[in-house]
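This report concerns only the one structure given below.
Below, read A as the first sequence line, B as the second, and so on, with proteins coming before strands; counting in each chain starts at 1.
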Number of protein chains: 2
Amino acid sequence: MTPSARGDLFDPACPTRRLLDRIGTKWTSMTVKILAEAAPDEVRFANLRRRIPGVSQKMLSVTLQSLVRDGLVTRRVEDTVPPRVHYRLTALGTSLESALAVLRTWAEEHMAEVDEANQKSER
Amino acid sequence: MTPSARGDLFDPACPTRRLLDRIGTKWTSMTVKILAEAAPDEVRFANLRRRIPGVSQKMLSVTLQSLVRDGLVTRRVEDTVPPRVHYRLTALGTSLESALAVLRTWAEEHMAEVDEANQKSER
DNA sequence: CGGAATCCCAATCGATACTG
DNA sequence: CAGTATCGATTGGGATTCCG
């Protein structure tokens, strides 16, 4: 875990890589997107799960915990039985969504070209 | 190959995830950034390696191959002994860099807040 | 010089089962 | 309902060695 080696002097200075480590995990960008679409409303766990095709209960839980720890999402528990848990983007999370939207646009406009390049390489 | 497998019906429609799978790999964004700064000039392998602290020979090689396959980077070999290999961003790669720059700006402006949120959670 | 091949470890992720 | 715990398969990526 901790790079005990003192050789690692440059890494901590690169915020971009650390950001990509977070939003690059499989379900993060989709989760942020859905929360952004709902904002400023909250979204319940089960609702979120339904809207993210293929996500497992565990991975959604892990993803949300990570987003909460990073200050991008708030978590609110209704103390009922059974409990209801509501998630919502913070202001910080909303600002990240704006940046992510740019990436999404690029992907929608250009990933076809990337695929085309790959097909040409395969032969 | 077509994944005619039944379960996989939703994935191909999500270009954003596929993009993040690529640029999310450890050395890709740094590589693109350096090539973008040098553009329209080419950059040699060893030069690139020097400018990316911590990257191994293998990982830089793998990263570049991937970028070339995706049509984001060109590779030019000077047929000398020893050979010289030059890399440069394509137009597609340059357009991706523009999108990445937005993410970089967000990271530089806001990752400190993310770190702060993490420290509060730790206690 | 710029790789390719191999080995190996660590992290990611999915499936399943259990809990308050 | 919304998690937590555990296991195993897969993948990313580092170190090392060899090659044209």
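Between B:Leu64 atom CG and C:dA4 atom P there is a gap of 11 Å when expressed in whole angstrom units. The distance between atom CG of A:Leu48 and atom P of D:dC1, rounded to the nearest whole Å, is 14 Å. Separating the CZ atom of A:Arg75 from the C1' atom of D:dG3 is a distance of 8 Å, rounded to the nearest angstrom. Look at CG on A:Asn47: it is 14 Å from C1' on D:dA2, rounded to the nearest Å. Atom-to-atom, CZ of A:Arg44 to P of D:dG3 comes out at 11 Å; the value is rounded to the nearest Å. C:dC1 atom C1' lies 15 Å from atom CZ of B:Arg76, rounded to whole Å. The distance between atom CE of A:Met59 and atom P of C:dC13, rounded to the nearest whole Å, is 5 Å. Across the protein-nucleic acid pair, B:Lys58 atom NZ and C:dC9 atom P stand 14 Å apart, rounded to whole Å.
Within the nucleic acid shown, B:Arg49 has no heavy atom closer than 4.0 Å to any nucleic acid atom. Residue-level contact check: A:Glu78 touches neither bases nor backbone, having no heavy atom under 4.0 Å from any strand.
Applying the 4.0 Å criterion to OP1 and OP2 of D:dG14, one finds that B:Lys26 has a side-chain N or O inside that range. Distances shown here put every side-chain N or O of B:Gln57 at or beyond 4.0 Å from the OP1 or OP2 atom of C:dA4. OP1 and OP2 of C:dC1 both lie 4.0 Å or more from every side-chain N or O belonging to B:Thr80.
Each of B:Gln65 and A:Asp21 was assigned the nucleotide of DNA chain C with the nearest heavy atom; the assignment lying further toward the 5' end belongs to B:Gln65.
The CZ atom of A:Arg84 sits 12.5 Å away from the CG atom of A:Asp79 when rounded to the nearest 0.5 Å.
B:Pro53 and B:Trp27 get closest at one heavy-atom pair: O-CZ3, 3.6 Å. Closest approach of A:Arg88 to A:Pro40, counting heavy atoms only: CD-O, 3.0 Å.
In this structure, the side chain of A:Ser61 does not engage the main chain of A:Gln57 through any donor-acceptor pair within 3.5 Å.
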